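Every chain is numbered from 1 and lettered A, B, ... according to where its sequence line falls, protein lines coming before strand lines. The structure displayed is predicted, hence computed values, not measured ones.
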Amino acid sequence: DSGVTQTPKHLITATGQRVTLRCSPRSGDLSVYWYQQSLDQGLQFLIQYYNGEERAKGNILERFSAQQFPDLHSELNLSSLELGDSALYFCASGPDSPLHFGNGTRLTVT
Amino acid sequence: DAKTTQPPSMDCAEGRAANLPCNHSTISGNEYVYWYRQIHSQGPQYIIHGLKNNETNEMASLIITEDRKSSTLILPHATLRDTAVYYCIVRPLGMPGTYKYIFGTGTRLKVLA
């Protein structure tokens, strides 16, 4: 158990809808990272937060947004969903070294 | 960010050592080499990291060449449970929250019975 909690584990929704994925980092960790992994693809870095502040952005679409709250949990919001957004979404937390990953949220857009 | 190059796939017989190479020819002096693995669709798992000295822990050994342009992850006695995608990453250590981990496509290791 990495100590990083992601909810929900599975999410099925229709195109055009909006969903929110949640991540609770390990106790004491200030950094939260979000990654997207499409079928048989590598991990694509989306965005990073540190103590509530956005620190780095990767290949995150404008339809996607995220935030980190004062209690350090983070949410990834995906809107106007398309079929191609179907993927595993991982959250990781750390003091930077090393990162600890959650078990992901599997999003299926139908 | 320094880039890494890994072979897309490798096979290894169960019980034998698995040696996974990684090329990071543009690595900077303050960049560490990290290894993670991802078993099936689980979240990636940290294995080991190092700067320039060889490192060993309960999971694996990391051998970094003297010029630091490449490294090898060694799983001394591979088991079927080691079948996974292995990622080699380089990143600097500095102020917390200032650096990101960029994963490449990794090496898909298949341990054969």
Side-chain angles (χ1 to χ4, degrees), chain A residues 1-6 9-10 23 25-26 28-60 68 72 74 86-108, chain B residues 1-9 20 22 30-51 55-60 62 71 73 83-110:
Chain A
D1 181 11
S2 68
V4 178
T5 304
Q6 289 189 248
K9 289 185 179 177
H10 301 277
C23 170
R26 290 193 323 157
D29 284 353
L30 300 179
S31 289
V32 170
Y33 297 71
W34 285 97
Y35 291 85
Q36 178 193 53
Q37 187 172 39
S38 302
L39 188 64
D40 290 333
Q41 299 292 312
L43 287 152
Q44 295 294 318
F45 169 71
L46 295 178
I47 198 164
Q48 174 198 358
Y49 283 85
Y50 177 77
N51 203 20
E53 291 185 8
E54 180 186 306
R55 285 297 179 93
K57 258 186 177 179
N59 300 321
I60 187 166
Q68 186 179 27
L72 300 177
S74 179
S86 295
L88 270 167
Y89 291 85
F90 289 104
C91 161
S93 80
D96 286 355
S97 176
L99 284 189
H100 297 270
F101 282 79
N103 283 324
T105 293
R106 183 177 293 278
L107 173 66
T108 302
Chain B
D1 297 325
K3 292 183 185 279
T4 62
T5 304
Q6 298 177 253
S9 64
L20 293 97
C22 179
N30 67 338
E31 288 183 312
Y32 285 69
V33 180
Y34 281 77
W35 284 83
Y36 284 77
R37 73 180 181 183
Q38 187 177 23
I39 296 173
H40 195 43
S41 297
Q42 298 175 21
Q45 175 190 26
Y46 165 78
I47 301 173
I48 199 168
H49 75 281
L51 183 62
E55 302 287 345
T56 295
N57 62 21
E58 65 279 2
M59 288 182 69
L62 174 60
S71 61
L73 178 75
T83 293
V85 178
Y86 288 77
Y87 297 97
C88 167
I89 302 159
V90 295
R91 61 163 300 227
L93 275 185
M95 291 293 292
T98 55
Y99 300 108
K100 54 192 179 189
Y101 286 79
I102 302 296
F103 286 76
T105 53
T107 296
R108 188 174 295 272
L109 175 70
K110 193 175 194 179

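- For A:Gln6, no part lies near chain B; criterion is any non-hydrogen pair under 4.5 Å.
- Here A:Phe45 and A:Tyr89 keep their ring centres 6.0 angstrom or further from each other.
- For chain A, no part of B:Gln45 is nearby; none of its heavy atoms comes within less than 4.5 Å.
- Taking chain A as the reference chain and counting heavy-atom pairs below 4.5 Å, the highest number among B:Ser41, B:Gly43, B:Pro44 is found for B:Pro44.
- Of the two parts of A:Leu88, only the side chain, counted from C-beta on, holds a non-hydrogen atom closer than 4.5 Å to a non-hydrogen atom of chain B.
- Taking the ring axis of B:Tyr87 as reference, the NZ or CZ atom of B:Arg37 does not stay both within 45° of it and closer than 6.0 Å to the ring centre.
- For B:Tyr36 and B:Tyr86, the distance between ring centers is not under 6.0 angstrom.
- In this structure, A:Tyr33 and B:Tyr101 have perpendicular ring planes: the angle between them is above 60°, well past the 30° mark.
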